[in-house]
Protein chains: 2
Amino acid sequence: MAAAEKHDVFQAIADPTRRQVLRLLSEKERPISEIAAHFPVSRTAIAKHLHILSEAELVSGRKVGREKLYRLQPKPLQELQEWLSYYERFWSNKLSILKHIVENEK
Amino acid sequence: MAAAEKHDVFQAIADPTRRQVLRLLSEKERPISEIAAHFPVSRTAIAKHLHILSEAELVSGRKVGREKLYRLQPKPLQELQEWLSYYERFWSNKLSILKHIVENEK
DNA sequence: TTGACATGGAACCAAAAGGTGTTATTTTAT
DNA sequence: ATAAAATAACACCTTTTGGTTCCATGTCAA
């Protein structure tokens, strides 16, 4: 699995399991086993997903005793929002949609 | 390459080349060769990217003569925005951030 | 009608993704 | 001191990704 280059936010959220992991961590900090219990796959598989999320800096983990508690780190999602904001003009405002059509047809 | 299941928006935007293709198409309709000219990869590679974007319904193509013109189809990006809107509470409002911290610590 | 242009599609390839199971390592509780 | 719990770290496997090259098909223009 270990990627040559670090994963970014776009890659991190591409996988449905990882999106669900983010949801779980948005509620509260959780250890890896507790997360894995929500999925039909092995704990090892979830550990790898957490590693990818961690590379994208979407989660951080702190060790407490023998557990490692993972926590959501939402900042990188703002990058996604910025990327998306460019495209908002295509639906958020009827006038800008019309403008775009006129641009294309001329 | 043809995937077993259709690609969704999240997978479609995971690749930087595909994101750049979307940008190009956001300016105007373009034929495949014109798109490919912007990238260091082959036209065939771009054709595959367009196929994936097409599965995610982020682009549509219409044939005009011997050309096929691709156009941005922004609707699926709204699904992404909805997904993202859930996480906005983690940064958009200082009060809700504090609330979240308090929730976690109690 | 015969090239030249534009796209489509098959066959192939290396590497990455996503998964498994097994074996350490660390830490807590008895 | 030792067993159980939680996680880390391998080694391995299969499918998907992202790319290539080569060949086929359709279309326009001379």
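Chain A is the first sequence line, chain B the second, and so forth, proteins listed ahead of strands; every chain is numbered from 1. No experiment lies behind these values; they were computed from the predicted model shown.
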Check Leu25(A) against Leu50(A) and note the closest heavy-atom contact, atom names and distance.
CD1-CD2, 4.3 Å
Check the phosphate of dG8(C) against His51(B), side-chain N and O only, distance under 4.0 Å to OP1 or OP2. Yes or no?
no
Side chain of Tyr70(B) (C-beta onward), nearest among dT7(C), dG8(C), dG18(C)
dG8(C)
Positive for side chain to side chain contact (heavy atoms under 4.5 Å, CB included) with Gln78(B), one of Tyr87(A), Phe90(A), Trp91(A)
Trp91(A)
Please tabulate, one pair per line, all N/O donor-acceptor pairs under 3.5 Å involving side-chain atoms of residues 37-47 of chain B, not counting sequence neighbours.
from, atom 1, to, atom 2, distance (Å)
His38(B), ND1, Glu34(B), O, 3.0
Ser42(B), OG, Ala45(B), N, 3.1

Give every residue pair that meets the salt bridge (charged side-chain N to carboxylate O under 4.0 Å, His left out) criterion with at least one member in residues 76-85 of chain A, sequence neighbours excluded.
none
Looking only at side-chain N and O atoms, does His7(B) come under 4.0 Å of OP1 or OP2 in dT17(D)?
yes
Footprint string (nucleotides 20-30 of chain D, 5' to 3'): B base within contact, S backbone only, - free, heavy atoms under 4.0 Å
BB-----BS--
Taking only N and O in the side chain of His49(A), is any of them less than 4.0 Å away from OP1 or OP2 of dG19(C)?
yes
Selection residues 9-30 of chain B - residue pairs positive for ring-ring contact (aromatic ring centres under 6.0 Å, His included), sequence neighbours left out:
Phe10(B)-Trp83(B)
Looking for any heavy atom pair under 4.0 Å, which part of the strands does Gln11(A) touch: base, sugar-phosphate only, or nothing?
sugar-phosphate
Starting at NZ of Lys6(B) and ending at P of dT17(D), how long is that distance when rounded to a whole Å?
13 Å
Taking all heavy atoms of Arg19(B) and all of Ile13(B), pick out the closest pair and write down the distance.
NH1-O, 2.7 Å
With five pairs defining each end axis, the helix from dT1(C)-dA30(D) to dT30(C)-dA1(D) comes out bent, to 10°, by 20°
Can you list, pair by pair, the side-chain donor-acceptor contacts under 3.5 Å of residues 56-68 of chain B, counting residues two or more places apart and other chains?
from, atom 1, to, atom 2, distance (Å)
Ser60(B), OG, Gln73(B), OE1, 2.6
Arg62(B), NH1, Glu29(B), OE1, 2.6
Arg62(B), NH1, Glu29(B), OE2, 2.5

Not counting sequence neighbours, which residues clear salt bridge (Lys or Arg N to Asp or Glu O under 4.0 Å) with Asp15(A)? List them please.
none
